[in-house]
Amino acid sequence: MFDGLPFLPSVGYVSPDGRVWMGQPAWQAAGEQPSRLIPIPRRPADGDLVVDGTAVEAVDLAAAPLRRVVTEAELVAGGPVADVRLVVPAGWGPRRRTWMRQVAHRAGLAQPRLVEAPVAVAQLLLATGTQIPVGAFVVVCDVGAGAEVTVLRRGSSGFEVLATLADSDAGGEAVDGALATAFTHGQEVPAGNVVRWAVAESVRVAKEALVSHPAVTVPMDGQAPVIANRMMLEEAATPVVRRVADLAQQTVAAAELTGDDLAGIYCVGGSAHLPHLAAAIAERTGVTPTVGVDPQFAAARGAAEAGAVVSGPAQVEVVVPPVRRAVAIAVPGFASLCLFWQCIVTAEKNNALSVHYWVDFNWGGLAMAAVSALLACLAAGTVLGSLIAARSPTPDLRTEGGRVGVGILAALCLGTAIAGLYAVVAAQYFGLPVGGSFLRWALWPIVPLVVIAVVMAVIAARQSRTPHGGWSALLAAPTGSIVAAALGMGLIQYSLTADRWPHLLVWIDLAGRLGGLLLGVAMVMALVRPLMFRLIVSAPVAVIGAAIVNRQATGILAVGYAVAVAVWWAARVWTPILRPAAPGPAAFGGSLGGGG
């Protein structure tokens, strides 16, 4: 409590010797020298301020309320403050966050932990029993002095910001200004900081009272009292309410979501109870928001809960893959093993005068097995990343992007190792050198895919938002294309051994043609998504694949499929990740000009 209030008023007094007083002492001192009463700046300011001839650093001015908070906290706790958490807007960048740490240091605080306001609110929701499943999306509308709307996604280790928009003119200060104009009938407020702030305080108290009362009497300094009613509050709040609703709609669109994708919308801040705010947001988004008890304190209380989240690597949650993710891993993995097994059992040794021998080997089948193995490992990238993060002390790995980035790199290492292992096993099985055709056909076809996946890993580590559908869906190759390619290569290799079954020569030749057709269809399925375009493009490509089927063409078809998969991955890197989430440069920008 500060002088009997549960908050510290944003007003200070600069004494002639440069000291800054806060709260009730500031009001008392301003009675004699009103020109020294100033509002505490809510945004970082550069340089010094001059107040009635006295210079004061902006950092000292911003540190004054923190010093008062420390004093009160130490009285309550009975000892020094060791753990400091400061709530900041989600839209603040590195410069403002660094400035805030300097303010805390000037106030004599320990190194603070900066907690983004919407993340703190989401942590409070979890702590108070709100069900937010992992992977769910929520919207936090922080309506204080200004407004900030943020879309969050709950990951396996906490909440991450997907998009945030802010407007410093869409909050309680704008409503206060409109009410003050209505109370004074448009007349100028008498000069003098004390009078001006006394009127502002009366307006603020009246605004809060009108939320639950139909009418109140508002004392005006130097003027007759004013009878204010609920209609005056609704008229003053209407522009702000509409703007906040627009921000909510725009922020959800910036995150590439719709109202159906949201688990809930939550309004917090000192102005969260503005009339018709919930109805306006519901009209724009299709989701009725929830306003909790004491919403003005939600971010502060949530910051305390944030201290218990991800305090160590042992608390990182490893999500069990769903059935769809397991299928995305199992199908290419099983296809890879089957193709490699077929290459081994159908290969033929050919002797030359008992001096040396060579092996008729399906090099295309080996390349396809290597590509399928790499795709299976990449589909398991998020699982690998979570397992690594759970055992790593590195803080960056506890973020969503950090886990995905290291998971992709681990998948690349594992997939490349499996491809190399195929080459080594095959060469040793036939007693041939490893460094010849075996390694060449196992490793070279996957090089483009490896390069693109490395790029995706770097982007994922730096990404500030999760792609629509999640990283697991982004990393999963099209299952239908993999099945068609594996069946096609299997049928082709079966047809190449036709001399072992001469009485089935015609049917075996048809099987080979069918295999070439399936491989052509598989390439198109990897490159083209709309069904109509797939049907149009598949016809010529499938016919060409069926026409060129022979022992020498297996490698060409396999490399063609590897290139098609690499192009598919390149499109995945560009479309959902590098492309902006929504038009305009403010999709992830904005700052809160003093939210509650």
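Just so we're clear, the structure is a prediction, and the values are computed from it rather than from any experiment.
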Looking only at heavy atoms, the pair that brings P118 and L152 closest together is O-CD1, 3.3 Å
Take V76 and E72 through the test side-chain contact (heavy atoms from CB on, under 4.5 Å) and record every step on the way to the result.
CA-CA 6 Å; V76 174; E72 301 295 337; 5.6 Å; no
Say you draw a straight line from CZ of F137 to CG of L262; how long is it, rounded to the nearest 0.5 Å?
8.5 Å
Identified side chain to side chain contact (heavy atoms under 4.5 Å, CB included) partner of V140 from the options V268, T251, V161:
V268
Using every non-hydrogen atom in the two residues, find where A453 and I408 come nearest and quote the distance to one decimal.
O-CG2, 3.4 Å
Taking NZ, NE, NH1 and NH2 as the nitrogens, is one of them in D261 or R153 under 4.0 Å from a carboxylate oxygen of the other?
no
Compare every heavy atom of R243 with every heavy atom of A170, then report the nearest pair and how far apart it is.
CB-CG, 3.4 Å
Salt bridge present between R97 and E116 (N-O < 4.0 angstrom):
yes
Decide side-chain contact (heavy atoms from CB on, under 4.5 Å) for W92 and M100; before the verdict, give the C-alpha distance in whole Å, the side-chain angles of both, and the deciding distance to 0.1 Å.
CA-CA 10 Å; W92 272 20; M100 199 65 188; 4.1 Å; yes
Spatial distance of atom CZ (F159) from atom CD1 (I132) [nearest 0.5 Å]
4.0 Å
Any donor-acceptor pair under 3.5 Å linking the side chain of R67 with the backbone of R106?
yes
Exceeds 12 heavy-atom contacts within 6.0 angstrom, atom NE2 of H105:
no
Go through the steps for V84 and R113 under the test side-chain contact (heavy atoms from CB on, under 4.5 Å), then give the verdict.
CA-CA 6 Å; V84 181; R113 175 182 175 182; over 6 Å; no
Taking only Lys NZ, Arg NE, NH1 and NH2, and the carboxylate oxygens of Asp or Glu, determine whether R154 and E160 approach each other closer than 4.0 Å.
no
Closest non-hydrogen atoms of A107 and L66, given as atom of the first, atom of the second and distance, are CB-CB, 3.7 Å
Can you name the closest pair of heavy atoms from A280 and V241 and give their distance?
CB-CG1, 3.4 Å
Verify side-chain contact (heavy atoms from CB on, under 4.5 Å) between L475 and M456, making sure each step is shown before the conclusion.
CA-CA 10 Å; L475 299 180; M456 179 174 280; 3.4 Å; yes
Return the minimal non-hydrogen interatomic distance between G302 and L124, and the atom names on each side.
CA-CB, 3.7 Å
